[in-house]
Structures are given as C-alpha cells and as structure tokens.
Amino acid sequence: MIDLVINISLLTFLAITAVAIVRMTNLFAIIMLFGMFSLLTAALFVVMDAVDVAFTEAAVGAGISTVLMITTLALTKDQDEKHPGCHRPWLPLAVVIVTGAALVYGTLDIPAFGDPDAPAQTHVAPYYLEKSIPETGVPNVVTSVLASYRGFDTLGEIVVVFTAGIAVLLLIGGRHSTSKNKKNKREENDA
Amino acid sequence: MMDFVLGHYNYWIAIFLMMVGFYTVISRGNLVKKIIGLNIFQVSVFLLYISISTVQGGAAPIITEGVALYSNPLPHVLILTAIVVGVATTALGLALVVRIKEAYGTIEEDEIHEQDHSL
Amino acid sequence: MFIAVSLMILVTLGLILARALMGPTIYDRIAAINMFGTKIVLLIASFAFLSGRTDLLDIALVYVLINFIAVVAVLRLVEHGDFHSSGKGDDY
Amino acid sequence: MGIFTLLGKAMIIDVLSWICLLGGGLSGIIGAIGIHRFPDFYSRQHAAGITDTLCAMLILLGLGLQAGMSLAAFKLALIFIFLFFTSPTASHVLANAAMHGGLKPRQCNAIGEGKS
Amino acid sequence: MTHNLILRVIAKFLIPLIIVFALYVQFHGDFGPGGGFQAGVILSAAIILYTLVFGLDAAEQIIPPTILRLFASMGVLLYIGVGVITIFLGGNYLDYSVLGSTQIAGQHLGILLVELGVGISVFSVMLIIFFSFAGRGKT
C-alpha cells in the first residue's frame, strides 16, 4: 500500500516538474529542474523494484547528463530563450492532444500496473529467473541476462556508445576553436 | 473504478510526460530546450517499460533465499543499456548544438533559418 | 515506523519542489536541488528498510556522491562561466 | 536498572529509533516550511542547512539502530559520513558563490521594511 | 573554484572513496545491483569532480587524452576478444561455458571479463565526451 502511495506521489511530482520545465524560459533553471527530474525518475525506479536501472539513472541522468548540459550552456552562453513559445501554439498543442488521446485509448486494454498474470510476466521471464543460478551461478539476473544471455545486445550497445564518443571527439574534440573565428567574424562585422 | 485508475496511473503519467516532451520538441525554437524535450520523451519510455516489468509484491530480480516473486528482469536490461546509450546520444546532440552556435552565433531556430535564407 | 518517516519525507519533498519552482534567484533553486537530493537519499534509505532489501543502500550512496558533483558543476558555471580555466589567477 | 529488565533491549532500541526517525522527519518538514517562510536567500539557507543536516543525521541514526550490526549499518555509516562532509560543503560553496555573485543580504532596519 | 579551500580538501577526501566505491560496484555486480555500466559512469564521475575542482590541465595530466582513446577501444576490443576466444576454444561466439573447467566457472570468468570491458569502455567514453566539452574554446 505504502509503495503505491510513494509511487503515485512521485509520479505527480514528476508531472509537475515536466510542466514547469516546459513553461520556464531561463535555460539555467531548466537544466537545474532537469537534474531534479532525473533524481525523481531514479527514485521511482527504486520504488518499482528496478534496482540496476535506478543505479544507472542516478549516475547517468542526474550526474553526467546535468554536467554535460551545464558545460554546453557555458559554451553557448545563452542563458535565456529569446522567443519563448512559438507564434501559433495551437497547432502543436492539437497534435499533442490528439496523439496523447490515442495513446491513452491504447492503455485501456493494458493489464493493470503490477499484475502478476500479465503476458509480459509469463512469457520468457520465468525461464531466466529459474535458470540464472544453475546455468551461470550469478544471483543478479539482470547481470546474467545483460552479459551472458543477451551478450550480443550489450556488445551492440557498447559499440554505439563508443561511436558516439568518437563522433563527439570529431565534432568538438579540437581545441583551436572560438577565439580565432570570433575575431575574424568581428572584423567582418566592423567592416 | 478506483482500482482501474490506480492500475493505469503509471501509464497515463508516462504518456503525459511523453506528450510534454513531444510538445517541447515541436513547439520551442531553442535547441538546448529541444534536447531537454527529447530527454523527457526518453525518460517517459523508460518509465513505461519499467511499469510493465513491475510485479505487485515482487522483489528486485536478485535471487535470494525465501523470495518467490520477482519482477521481470528483461525490461531492466533493455532500459539499463538504453540509458547509457541515451546519454551518449544526448552528448552528441549537445556537441552539434555547440558547433551550430559557433557557426551561426545563435541557438534559436528562427535566427538560424533567417541566416540561411539571407545567404 | 518506516511508513511514517517515508510519508514525512514525501511532504518535505513536495514543499521543496514548490520552492524550486518558485525560487526567485538561481541560488534558491540550487539550494532546493541540493536539499531535494538529500531528501531523496533519505527516502530511498527508508524505503530500503521498508521493503527489507538493504541492497538499495548502494543506490542511496551513489545519490549522495552524484548530487554533490552536480552541485559543484553548477557552482563552477555560476562562478567562472567556463570549465577549462584552472582558476589559479583569481584568488579573491 | 529496573526499566531495562521491564522493557527489554529490543524495546528500548525500538523506542530510540522511533524518537530518532520521527524527530528527523519533523525537522525535515520544519526546514521545508522554513525555506518558504524566510524572506531572502541567506536566511533560507540557514533554515535549509541546519534542519537538513539534523534531519539526515537523525533518520540515518534511527535506521542504523534498526539495522544492528550488519553490512547495512556499515553502508548507512558510509552515507552518514558522505552527507556529513558534502552537505555543509555544498551549502558553504553555494553561499560563497551567491556572495561573490553579487546577491546582497536583505537589509532590514526599523525605518525601511520593519514597520510595513 | 580552486580558491575554495574547503572544497579542495573535501574533494581530496572524497575522490578516493568514490573510486573505491566504483570498483566495488564493478566487481560486486554479480551479487547486488551494479555492473560495468554503472561502475564506468561512477569512476568517470570521480575524475569529473577532480576536473571541476582542480582544473582541466591537472586532470589531463593524470589521464592524458591519448590514453583515454586507447582505453575506449581497448574496452570494446576486450569484449569482442572474449567472443573470439570462445570461438577458438570450440564454443559459439560469446558462449562463455568453454572458458572454464565447468560451465559455471566459465560463465563467471566470461561475465567478469565482459563487464570489465564494458566498464573500461564506458569510463573512457564518458571522460572523452566531458573533456571535449570542457576543453572547447580553450586556446
């Protein structure tokens, strides 16, 4: 019961934070709130028994992600949105409401939250839960699935992360950047 | 009725967050804010998957003596890797924003379009 | 007993969230984020005891560290405006 | 001595951890009310800092009493140490940054805002 | 931020603890929450804290960018290499059972190596990204 209360209040906080993020115009405050958003998400994952995911989200979402956004802000030096909102907000709003309504209609058939007889729980999950100890000797099923049963997937993910690192290095890895360009640009503007 | 609402609250909030992120991406002109919108969208998908994996009264999927009911480990694996990949791709997007700022001097979409047209 | 504490922490979280949303200055928001992180740590610690799984304390430990790093990063931006200076010149 | 035999050791630990946990929770709520009621950033920081540390320490102590001697108690002690060092440091750095950033403490004298 | 004496002292005290905790997460991932992804991120967070407090130059003296690039590829190669070794030992790709004398021992060794590869790779990629961002615009 108390799980449900914590769950629902955290979800409500999450929704409030998300709406506040959209409505604010100061990018700095937005990034701060986004860090808080990640913390709340991670707490929700803990409440929903996804321990490893919460671990990752806490380290990645609240830590690295926030730090990277702040460094970007330091580089772009634009702390405020110049054109808050667009000229005609009704079209995007209508699109969003229609899509959301369709998705909510889709959820009406989903089994309720935490139903142990839902199709998602009865298909392959029991196999891993049963076989993890006899086959791999690892009590943490997430680790055994991650590294052993679905090793190929993880290899793919690692390659994606590696590629993203290389791409960032190619895009902004060089140190010789702004000062020279800016000087040239300023001279052009003056002339 | 109450059971129905409580049983679907998670999904509805996930959809709400998804729509909030979607709205931010399509209606705001600031590139950093667009990336934050994408991140909110991403988090909503994580939330949906983890909600599906939860079993009421179940424990975290670490096998211990005397516990019979565990939540589903497969979505956890999926989302765990997705989070790390997500931050890597977010970093890539932010790097693009930095380059755009250096090339155009602004991170507002309107002004970038204006500069492109004036060429 | 853990239930009572969890509920109290939830109330606190709500109040801090309100301050973070209203906060007139940036520093108010940073302070609220810092407090929020601490309270989330406490919520997870008490939830760990509530559900009887003390493995969860590892996560609380990560939170403490990560929250600190985020706050330091924010303050670095507020004070210096960039991330590459070593800051040796400005000893005010 | 009589009260010890009357209640037993487990009971006393329970009562102590109840006191710690409730005190911690209460001081958390008081701090959260404080950051709404105080007028400017520095006084809010005072409310946040004092009750935040007290709240965290008391709750962790209460949980630690429940854990007894175990790995969980060790981890709680680790969290305690980290919070003990990082939380005041963050507060200090924050106030320092606010001061250098030009945020002035609110001057409240009798003529100005005191009467209003 | 280097003028901030308290922060420097606390950072010096915290960084070793964070690194030890990251190693705990890395090698305790079989039994509790944790694993390569998380450990890599926490370890890089320790270096990020060092960078934030002591400056980028000091951090790059500890871990030069060339070594980081080497590590990033080494992690991926370790992962792939484990798979190739299992092929040579007569199993399928990434089938760790052939690595040890028994199936369980083989799986243990395989999971350990793979998680190590993941940890190294994630650690160095996160730091590469952060150093790229932090060093941008530096003359």
Side-chain angles (χ1 to χ4, degrees), chain B residues 30-36 38-39 42-43 45-47 49-51 53-55 58-107, chain E residues 22 24-45 47-48 51 56 65 68-69 71-73 75-76 79-80 94 96 104 107-108 110-111 114-139:
Chain B
N30 190 296
L31 294 177
V32 173
K33 201 162 181 188
K34 268 181 199 281
I35 285 182
I36 288 180
L38 275 178
N39 262 305
Q42 208 179 21
V43 165
V45 175
F46 302 161
L47 214 57
Y49 267 69
I50 300 297
S51 305
S53 82
T54 311
V55 176
I62 299 168
I63 308 285
T64 29
E65 294 284 322
V67 181
L69 197 59
Y70 298 99
S71 54
N72 192 342
L74 278 178
H76 295 184
V77 177
L78 217 66
I79 297 308
L80 197 158
T81 48
I83 289 176
V84 179
V85 171
V87 78
T89 46
T90 304
L92 188 55
L94 291 173
L96 282 171
V97 171
V98 170
R99 284 309 289 260
I100 288 174
K101 167 74 181 178
E102 282 170 9
Y104 288 86
T106 177
I107 51 170
Chain E
Y24 166 78
V25 170
Q26 170 83 48
F27 294 110
H28 194 258
D30 297 0
F31 310 103
F37 282 103
Q38 293 92 331
V41 173
I42 295 171
L43 200 55
S44 63
I47 307 290
I48 287 176
T51 315
L56 187 61
L68 272 184
R69 288 170 208 173
F71 269 19
S73 15
V76 180
Y79 203 128
I80 296 174
L94 290 177
Y96 313 128
I104 297 230
Q107 291 279 351
H108 251 296
I111 289 177
V114 162
E115 290 272 9
L116 197 63
V118 170
I120 292 173
S121 192
V122 168
F123 161 70
S124 30
V125 167
M126 289 298 155
L127 271 189
I128 284 175
I129 291 174
F130 177 71
F131 281 177
S132 305
F133 272 96
R136 188 68 178 173
K138 186 182 176 189
T139 45

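The chains referred to below are lettered A, B, ... by the order of the sequence lines, with proteins before strands, and numbering in each begins at 1.
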So which of Thr64(B), Ile62(B), Ile83(B) has the biggest tally of heavy-atom pairs under 4.5 Å with chain E? Ile62(B)
Just wondering, more than 12 heavy atoms not from Phe71(E) lying within 6.0 Å of its CZ? no
Polar side-chain atom of Ser44(E) near backbone of Phe123(E) as donor-acceptor pair, under 3.5 Å: no
Under 4.5 Å between any side-chain heavy atoms of Leu80(B) and Gln38(E), yes or no? yes
Residue from Leu94(B), Leu92(B), Val87(B) scoring the most non-hydrogen pairs under 4.5 Å with chain E is Leu94(B)
Please check if the number of heavy atoms outside Tyr49(B) that lie under 6.0 Å from its OH is greater than 12. no
Counting only heavy atoms closer than 4.5 Å, note whether Ala60(B) contacts chain E via side chain, backbone, both or neither. neither
